Amino acid sequence: MAIEMRLRTMDLVREDMVRRRIFADPAIFNAEMKRIFGRTWVCVGHESEIPEPGDFKTEDIDGRPIILTRHVDGKIYALLNSCRHRGATVCEIPYGKTNVFRCPYHGWTYLSNGELISVPYREEFGPDFDIASFGLGRLPRVATYGGFLFVSFGSDGPDLLEHLGHAAPWVDQFSGRAPERKVQATKPVKQRYVGNWKLQLDNFGDNYHPQFVHPAGFGPRRRRQEPNGAGAQSSGPASRPSDVGSRIQRSFARGHAMMTFSPPRSFGDPPKLAEYITALSERVGPDEARRLVATDLHVFIYPNLFIQTNMNHFRIVRPLAVDQSEVQTYACRLVGAPDEYNQANLELTAGWGSPAGFVQVDDLEALTRVQRGLRADVDQWVLFKMGRDERVNEDGDRESNSMTDLLSRGFYREWARLMSEPDRR
Amino acid sequence: MTGVLRTLGGPALQYDVEQFLYREAWLVDSRQYDEWLALFTVDALYWVPNGSADSDPKERGQLAYENLSGLEHRVYRLKLPGIGPQSPPPSYRHLVGNVIPAWTGDNELLVISSQVVSFARQGREAQYAGTWEHLLTQIDGRWRIRRKKVSLINNDQALWQLPVL
């Protein structure tokens, strides 16, 4: 296969730089869809989006329509959204609740676990027609961790927990910040850009750009609504030795990563912050509550999930074409935190992620320029050379406390690993 | 005062309101953002729903949902030299039509219009259409915007960077 030869011979990824071509070549994009999005675990949202039996949401991975359902057995199913008869989608609604999916073309009807239960004029299909063998296709694997919902088109490979590896405890911190240890995802704000999906990952992991790309800052100052003034300041001292210092970045196996800012970059205190910390303290104690609130944790789950605790949200990157991508921004409510606190975060997060907003539009503009500019010479390199203090820590993970491209270097190690595994058929 | 206002109706009201919407659109299209900002009341709400026209801001993040200080920040960004999405700035033109005013209070007029915004930047062109709702009030004899809600017909899709609507 042509792409096989090219991937092997073209010298696309080195330790601290990658060939520009990997952002611009449609053949490489098609190979990524098979070997990355068609094989590894891909995040498709949060289980709190479909909490009750009958709840569903529809998604699309590499143009393949899927339905995520909560069946009456309480389990989540990832179904191919395509009638087994002629292939029509059986559902075109982004979110909903239903007992059955009925194909609009000839009325074939499926349960929310994909089982086919009704075929009009069934006798016309003859006595050998076995309705039980024509359920909706199921993705080979679906699993959740920390509430995040993942699917895989690959039937083998590591299970989700093994896949997450050292990143798993950091994912736990997302819901760990909620007084009731649960988050409720809201429906996303979506934005599209002219650029390759990997550019957004690099942008998430890049601490070099904000002062240049975001000269207007991160949004309007929040109105203080605390009756007694400031409430608790989100700048308490870090209580774990590993959190001392303004910044920690770690790159884990399989491309995942974490990064913390402590104290967090301030966007102004949200209303009812003191009440939120009090509620969280009841479960975890005041020191841990302050530590959690005083740490802005970013977690990256390769290839498409980005979690940010400072505003309790996560983002999902969707590749649409080699130069077209979408970012979905999901604000989450911390269950047990005051409504006003959650509402302020919801509004601020939407402002960040909206195509009419005030933060991500800046980033996506930069990415659009990269996409345009790197075509000037696709055989040139994109540089990821920053990081003077990279070391391997006691857990065997690469770590840095300075401005670094450590995270992107990890993304491309995983990219090269996945892309060099031949297709299995 | 209020009695006088409510006597305004028919072609005179229609003309007055249409002129106001044309002027607002022109202020945006010609980047006179401070003058545009001055059209809003201090308790104004600027709202661009996300997902559907009846999207609930308590349930879901909106494309825009901001008070006057949010709008001031928007204008501050628009005027900041060198900021990415404004360098070079996009061009856009609002086309205002189907204007239907209805009194909803003594000094409160709801104006529904259909608008189409053509957008061009760096060779990329787009059109945005939708229903514009202005809740207008008169202060010192001039119309002011107390609430502006712009429901795009494709607000359920992932959109590129939006113009000022």
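Treat the numbers as computed from the prediction; the structure is a model and nothing was measured. Each chain gets a letter, A, B and so on, in the order its sequence line appears, and its residues count up from 1.
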Tell me whether the count of non-hydrogen atoms from other residues, nucleotides or ligands lying under 6.0 Å of [atom1] in [X] goes above 12.
| X | atom1 | answer |
| --- | --- | --- |
| Y95(A) | OH | yes |
| R124(B) | CZ | yes |
| K97(A) | NZ | yes |
| R372(A) | CZ | no |

Choice from K58(B), E72(B), Q62(B), Q157(B) maximising heavy atom contacts with chain A below 4.5 Å | K58(B)
Given that the side chain runs from C-beta out, which part of [X] has a heavy atom under 4.5 Å from chain B: side chain, backbone, both or neither?
| X | answer |
| --- | --- |
| Q191(A) | both |
| V194(A) | both |
| R318(A) | neither |
| P94(A) | neither |

Can you check whether [Y]'s main-chain N or O pairs, donor with acceptor, with [X]'s side chain at less than 3.5 Å?
| X | Y | result |
| --- | --- | --- |
| N50(B) | A350(A) | no |
| E347(A) | E66(B) | no |
| K190(A) | D156(B) | yes |
| T186(A) | R60(B) | no |

Is the closest basic N to carboxylate O distance between E365(A) and R121(B) below 4.0 Å?
->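 Judged by the 4.0 Å cut-off on N to carboxylate O distance, E365(A) and R121(B) do form a salt bridge.
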Do R77(B) and D362(A) meet the salt-bridge criterion of a basic N to acidic O distance under 4.0 Å?
->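 Yes.
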Working to the nearest 0.5 Å, report the span between CD of Q122(B) and CZ of R369(A).
->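 Going from CD on Q122(B) over to CZ on R369(A), the span is 6.5 Å.
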Distance (rounded to the nearest 0.5 Å) between F358(A) CZ and R74(B) CZ =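 So the CZ of F358(A) and the CZ of R74(B) are separated by 8.0 Å.
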Heavy-atom distances under 4.5 Å only: say whether [X] touches chain A with side chain, backbone, both or neither.
| X | value |
| --- | --- |
| L80(B) | side chain |
| S87(B) | both |
| Q161(B) | both |

Closest contact, heavy atoms only, P355(A) versus W160(B) = CB-O, 3.5 Å
Taking every heavy atom of G61(B) against every heavy atom of V189(A), the minimum-distance pair comes out as O-CG2, 3.7 Å
Which residue out of T329(A), T368(A), V361(A), T349(A) racks up the most heavy-atom pairs below 4.5 Å with chain B?
-> V361(A)
